[in-house]
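So that the names make sense, note that chain A is the first sequence line, chain B the second, and so on, each numbered from 1. Because the structure is a prediction, the values reported are computed rather than measured.
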Amino acid sequence: MVLYENNKEKYDSIPKEKFVQVQKDQEIHDVDFKTKPIGFFMDVWLRFVKNKASVIAAVIIFILSIFAIAGPSMSDYRYDEQHPELVNMPPKIPAIAKMNLGIFDGAYLLENRQYDNLSDPEKYPEGCVLEILNPRLVNGQRIVDVYVDYYKYMGLEDEDCYWLGSDYLGRDIWTRLWRGTRVSLLIAVISVCCNVFIGVIYGSISGYYGGKVDMVMMRITEIISAFPRIVVVTLFIMVAGTGMFSIIMSLVIKDWVDTARMVRAQFYRFKGREYVLAARTLGVPDMLLIFRHILPNSIGPIITSSMIAIPSAIFSESFLAYIGLGLQAPEPSLGVMLSRGQKVLLYFPSQLVFPAIVISLLMISFNLFGNGLRDAFDPTLRGAE
Amino acid sequence: MDKKEKILEIKDLCMDFQSGRKEKVRALNHVTLDIYKGENFGLVGESGCGKTTLGRTVIRLYNPTSGEILFNGKSISGKLTKSDRDYITSNLAMIFQDPISSLNPRMTVEEIISEGLKIRGMKDPAQCREVVNNLLNRVGLLPEHATRYPHEFSGGQRQRIGIARALAVKPSFIIADEPVSALDVSIQAQVINLLMDIKKEMDLTILFIAHNLAVVKYFSDRIGVMYFGTLVELADADELYDHPLHPYTKSLLSAIPLPDPLREKDKQRLYYDPAVHDYSTHQPRLQEVRPGHFVYASDPEVEQYRKELEQGK
Ligand SMILES: Nc1ncnc2c1ncn2[C@@H]1O[C@H](COP(=O)(O)OP(=O)(O)O)[C@@H](O)[C@H]1O
Ligand SMILES: [Mg+2]
C-alpha cells in the first residue's frame, strides 16, 4: 500500500496494541423496546379512529342496526297488521307534535271545507284543527282549506298514532321500515358473507396454485360474469320462487366472482414474497401457507371490499323489488317500501321519504366506513404519520 | 475436517423461466459445482445473473429444468416425495435478501422463529419458548423481543431474526442469499461476523451469495463467479484474488474499492466485454486450469490462461 510505504516510520511507531478491530468479537445486544407491542388490529384501529367521517359512519350503522333489531317491537303495531279504516295516515309522534314544530303532528290538508262546520265537535273533534288557510267565498259560503290533526279528526287517542304514518293497507310504517331495514341488511350481509366464503376459497386456490388450474378457474369466472345479471336473477327467481333465499342466492350467484378475482390478485401479490418462500423452505404445508401466511395479509382488502359490497347488495335488493322481483308480501324490505312509496309520492310523500332516508344513510355510511377501513388497512400508510 | 467430503454436488444444472407464451429465459446454464462440508462457498456475480435462482433451485423452491443436485450423495433434483421434501427442509435452510419482505408482518417474532419447530412436531409451548429464547440470545436479541412484530425492528435486527428462523430447524447447510446487501454498511460486518461465529459453532456449510467480491473476500474458502447464468470461474479465495483468469472476474476485482486513497486513485477499472471471446471454432466449457481452479473457456483460451499463470509466478 502506497500510503503505508511512504509513511512507514510514522505508522510503525504506533504500538500494535492500540489497534482494535471494530465489531470483530463485539457482542451485539439490543435493548428492550420501551413501548407496548402493537398488534396488527390495534394498529388498524388506531388509524381508523383518526378518520372522523368513517367513525361517524360506523356510529350511524350501529344506530341503524340497533333500530333494525329493536325498532319493530317499539311500536304496538305489527308489520303485517292491516287497518282498512286507517290507510295512508300521516306521521304523528305525540311528543314532537306538542312542540308545534310543524312536523310529526299528524297534519293532513282538508280542502274546500265549510268554515261554519269547523266549530261543530261532531265533525271536527276538540283540538283537531291545526291551521286554517285560504278563506274565500264561494256561492255565498265561507270556504276554507284546513290542516287538521288527522288522528284527532278520526277520533283516535294519542297512543294509537302511527309514528311514521301508515301505508295503503293501514300498516304501520315505523314497524315496516325497521323490519324492512332488518331484512335488507340481512339479505346484504348474508349474501356478502356467502360471496366472501366462496370467493376466498375459489380465489385462494386459483391464485395459490396458478398455472393451468388458475387458467381454467378464471375462464369459468369469465363465463359467469358474462351473463347479464338481470337475466340470471330473473331465471333464478323463476325457478326458485320469490323469497329471501332466492334473492340472496341471486345476489351471490354473480357477485362471488368479484371477490374471487380480488382474492386471487392478493394471492399473486403475496405468494412470491420472501416470507412465504421462507415458510416453504421450512416445510410449511400448502394449507398453512394459504391460511397463515397469505390470507391474513390480504385480510385488509377482503374486509374493505366486502364492506363496500354491502351497500351495493342493499341497492341490488331494492332494484329487484323495484322491478317486481322483490320479497313476497307482506314481508317488507327497503326496496319493497320504496317501490310502494314511489307510487303515492305526490299524495303521501312521507311513505317514500322515510325508507329513502334510511337506505341513503345506510349506503353512504357503509361506503364511508369501507373507505375508512381501506385507509386503515393500507400498509403503505404504515408509519406515515 | 476432511476437505474433500462433498456435501452438495450440482451437475449440469439448467433452469429456464417461462417469459411470455413461447420464449424462455435461461437463468442457469449448465452450472456444475461442488461444495465441501464445512466450507464457506461464496457465489458472486452482478444482479440478475442467476445467483438467487441457483440458491432457490438447490433448496427446491424452483423445479430445475435439467441437471442433478446431490445432497450428501442423495439426489434432490427430481420429483420429490414427501420424505424427500422433509429431508430437504430439515437439512437446508435459507436466509433471504430483503429484511422487509422476508418476515411475515402478521406474525410475532416468536411465531416466525418457532414455525419450523412446530412443523416438526414440537407441540409443547414452553419448550418452543425456550428454544426461541436461546436462538434470540444467540443472534443478539432479547427474549423480550419474542412478542414483537417485525415492523418494530431495524433492518439488521430483522436479518438476525431471519438467521434465527433458519437456525431453528438445525440445518447442516445454509444458503445465504445476499443477507447483507440491503443493510447499512456499518451493520454488514456485524451480521456477517454473527453468521460466521454461528457457522463455526454449529459446524455449518454456507453458500454465501453476494453481488460483489468485496463482501465475500474476507471469509469465503472458495469463490464461484457467475455471469448470465454461467459459472465462469471457480477457485480458492486466495487463488482467485491473486490469479484471476476470466476477464469478468478481473473486472469484478477491479471494482473493489481499496482502503488506500493513493492506490484507489490510480486504479484502473476494467470492464468486461463478452465479445473478447472467440467461440466460433472451439466451444467453451468449465475446465480445470490448475488443481482446484476452474475457468469457463475454450481450449485455446485455457492454453493462454496456463501461460498467464506461468508468467505470473
Ligand atoms: N420467478 C421468475 N420468473 C421468471 N424469470 C425469473 C424468475 N426469477 C428470476 N428470473 C430471471 O432469471 C434471471 C436471474 O435472476 P436472479 O436469480 O434473481 O438473479 P440474481 O439473484 O443474481 O440477481 C433474471 O434475468 C430474472 O429476470
Ligand atoms: Mg438475487
Picking from [options], which has the most non-hydrogen pairs under 4.5 angstrom with chain A?
options	answer
B:G116, B:A93, B:S102, B:S90	B:S102
B:K118, B:E152, B:R85, B:M94	B:E152
B:R56, B:R60, B:Q18	B:R56
B:T89, B:N104, B:T108	B:N104
B:I100, B:I112, B:D98	B:D98

Contact between [X] and [Y] at the side-chain level, heavy atoms closer than 4.5 Å - yes or no?
X	Y	value
A:L282	B:V169	yes
B:L61	A:T281	yes
A:H293	B:E115	yes

Taking 4.0 angstrom as the limit, do A:R292 and B:E111 come out as a salt bridge? no
Chain A contact via [X] - which portion, at a heavy-atom distance below 4.5 Å:
X	value
B:Q97	both
B:M196	neither
B:L92	backbone
B:R120	side chain
B:F96	both

Nearest heavy-atom pair of A:N297 and B:P105: which atoms, and what distance? OD1-CG, 3.2 Å
Could you check whether atom [atom1] of [X] has more than 12 heavy atoms from other residues, nucleotides or ligands sitting under 6.0 Å from it?
X	atom1	value
A:F62	CZ	no
B:K170	NZ	no
A:F227	CZ	no

Can the positive tip of B:R106 be found less than 6.0 Å from the middle of the six-membered ring of A:Y275, inside 45° of the ring normal? no
Okay, side chain of A:E274, backbone of B:L103: is any donor-acceptor separation there less than 3.5 Å? no
Residue, of A:P296, A:P285, A:A279, that accumulates the most heavy atom pairs under 4.5 Å with chain B: A:P296
